[in-house]
There are 2 protein chains.
Amino acid sequence: MPPAPLRRRYSAATKRALLDVAAAQFAEHGYAGTSLDVVVAGAQVTKGALYHHFAGKQALFEDVFARVEEDAAARIRAAMTSAGDPWDQARSALRAFLDVVREPAYRRVVLQDGPAVLGHERFREQEERTSRALVHEVTERVLVASAEVVDPAMVDTFSRILYGAVSAAGEQVASAADPTAETLRVECALGVVLDGLRQQATAGLRLTDPVAAP
Amino acid sequence: MPPAPLRRRYSAATKRALLDVAAAQFAEHGYAGTSLDVVVAGAQVTKGALYHHFAGKQALFEDVFARVEEDAAARIRAAMTSAGDPWDQARSALRAFLDVVREPAYRRVVLQDGPAVLGHERFREQEERTSRALVHEVTERVLVASAEVVDPAMVDTFSRILYGAVSAAGEQVASAADPTAETLRVECALGVVLDGLRQQATAGLRLTDPVAAP
DNA sequence: AGTCGGACATACTCACGGTACGTACTTTCA
DNA sequence: TGAAAGTACGTACCGTGAGTATGTCCGACT
């Protein structure tokens with residue numbers, strides 16, 4: 001059965017087809033539950049094509065991972081631009097994230113399989129360029145607007161902790177029986193935390209690096 | 001009462017040997033990187049023994065996972081009993097957790113491979129009985145000591161968020177170039193968050209469920 | 001003393017990731 | 001313009017490793 005000559009000419013199309021099918025498979029069945037035979041069959045090609053475009057299963061997953069993360073970050077960023085006040089920006093970003101984290105694809109690829117497949121090292125590298133960068137950005141604006149003294153190292157530490165808190169909040173919302181109700185609770189709880197920071201801000205908080213400080 | 005059946009004792013020994021070897025392998029090479037052939041060879045038995053004691057690779061991992069988590073929770077709990085004030089308890093528990101999370105075994109088995117292998121569902125079930133229960137306990141004591149009104153549903157939401165924050169903090173410490181220095185920053189950052197809560201507590205915080213509230 | 005069942009051992013299957021090699025089509029260049 | 005080089009796959013195959021089917025030994029109970 002001679003394959004359609006049309007497909008041969010556009011290799012970018014086959015690569016995208018592979019990525020599309022792989023993304024759907026990884027999202028639905030997870031990394032371990034996805035067979036490359038199924039992927040290539042779904043993309044109407046063979047393993048030769050797959051291994052021509054990707055170094056292996058892990059590399060394929062990494063590309064899918066990056067696409068999912070970038071897409072999510074873009075949407076959160078879009079939902080954030082409107083507000084002017086850093087606190088409002090943080091709040092709208094949180095809301096957008098709580099929406100994103102409810103999608104099965106993001107949960108499966110990024111939160112569930114991501115760390116195990118990529119390893120902590122590569123996982124963090126990937127995050128650094130997308131969602132973590134976003135959280136870092138928002139955190140920095142909030143902290144600068146709140147504290148009198150803000151050390152860059154502390155911004156990093158703070159943003160990572162907040163990122164963990166927000167991720168857990170997202171997981172909580174996503175797995176709740178009533179996600180809408182849980183969203184309210186989560187926003188309330190995080191609101192209390194943020195209010196706590198805000199109160200300290202008005203009291204003249206100084207966020208210095210305890211290591212560098214004399 | 002006649003002495004313990006000899007048969008059973010030998011059987012228990014082989015099972016423990018399998019668990020020991022498996023724990024070491026999973027901790028060092030991860031779930032996917034661990035071969036059952038290596039495990040049974042290390043335990044001086046064959047696959048027949050393994051599949052007699054465990055339903056499969058995943059079940060074996062789950063037992064290892066439970067052991068690692070229970071061990072960690074026990075150590076944290078032990079480090080916590082001394083202090084009397086809920087805030088101090090929370091602080092010492094945090095410190096103990098930051099130690100635990102720096103161990104490769106815990107990082108690999110629980111944080112990295114856990115969610116992917118067990119799935120979110122079973123992962124949460126396992127957590128519920130150990131570390132999460134601990135965090136929930138501490139959170140409840142702190143909140144009850146702080147707020148005038150505390151809704152149980154909010155305690156759950158709060159503890160999950162705090163758990164995520166602490167986990168991220170642990171990850172941050174574990175992967176830092178200078179873990180000791182990063183520990184100081186993390187404790188400082190989390191201290192600020194806790195102080196924020198404490199200030200609101202003295203101001204008469206009421207932590208009601210926004211869903212149930214009229 | 002039989003025999004029943006738990007605790008393994010042995011040998012095998014099969015799915016799946018990865019590789020080696022061949023081939024058609026395209027581009028390059030003398 | 002025609003041959004050489006390179007691209008973009010297809011085909012056939014291998015090794016590994018999880019899981020299974022079946023046999024067997026031996027302590028325990030009747």
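Each chain gets a letter, A, B and so on, in the order the sequences are listed, and its residues count up from 1. Nothing here was measured: the structure is a model prediction, and the numbers come from that model.
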query: Which nucleotide, C:dC8, D:dG10, D:dA18, lies nearest any side-chain atom of B:Ala49?
result: C:dC8
field: Options C:dG18, D:dG10, C:dC8, nucleotide nearest the side-chain atoms of B:Thr14
entry: C:dC8
In whole angstrom, give the distance that lies between atom [atom1] of [X] and atom [atom2] of [N].
| X | N | atom1 | atom2 | result |
| --- | --- | --- | --- | --- |
| B:Leu36 | C:dA15 | CG | C1' | 15 Å |
| A:Gln25 | C:dG17 | CD | C1' | 16 Å |
| B:Gln58 | D:dG17 | CD | C1' | 16 Å |
| B:Leu50 | C:dT10 | CG | P | 15 Å |
| A:Leu60 | C:dC16 | CG | P | 16 Å |
| A:Tyr10 | C:dT26 | OH | C1' | 13 Å |
| A:Asp37 | C:dC14 | CG | C1' | 13 Å |
| A:Tyr51 | D:dC13 | OH | C1' | 14 Å |

field: B:Asp20/B:Arg67 ion pair, N-O < 4.0 Å
entry: yes
message: Counting only side-chain nitrogens and oxygens, does B:His52 get under 4.0 Å of the OP1 or OP2 atom of C:dC8?
response: no
message: Is there a side-chain contact between B:His53 and the phosphate of C:dG6, meaning an N or O under 4.0 Å from OP1 or OP2?
response: no
message: Over 60° means perpendicular and under 30° means parallel, so tell me whether A:Tyr31 and A:Phe26 are parallel, tilted or perpendicular.
response: parallel
- prompt: For B:Thr46, which contact category applies under a 4.0 Å heavy-atom criterion: base, sugar-phosphate, or nothing?
  reply: base
message: Could you tell me if B:Arg122 and B:Gln58 have a donor-acceptor pair between their side chains, going purely by distance under 3.5 Å?
response: no
message: If only side-chain N and O atoms count, and only distance matters, is there a donor-acceptor pair under 3.5 Å linking A:Gln126 with A:Glu69?
response: no
query: Are the side chain of A:Lys57 and the backbone N or O of A:Ser35 linked by a donor-acceptor pair below 3.5 Å?
result: no
message: Taking the nucleotide of DNA chain C with the nearest heavy atom to each, does A:Ala32 or A:Gly48 sit closer to the 5' end?
response: A:Ala32
task: Check whether the side chain of B:Lys47 and the base of D:dG19 form a donor-acceptor pair under 3.5 Å.
output: yes
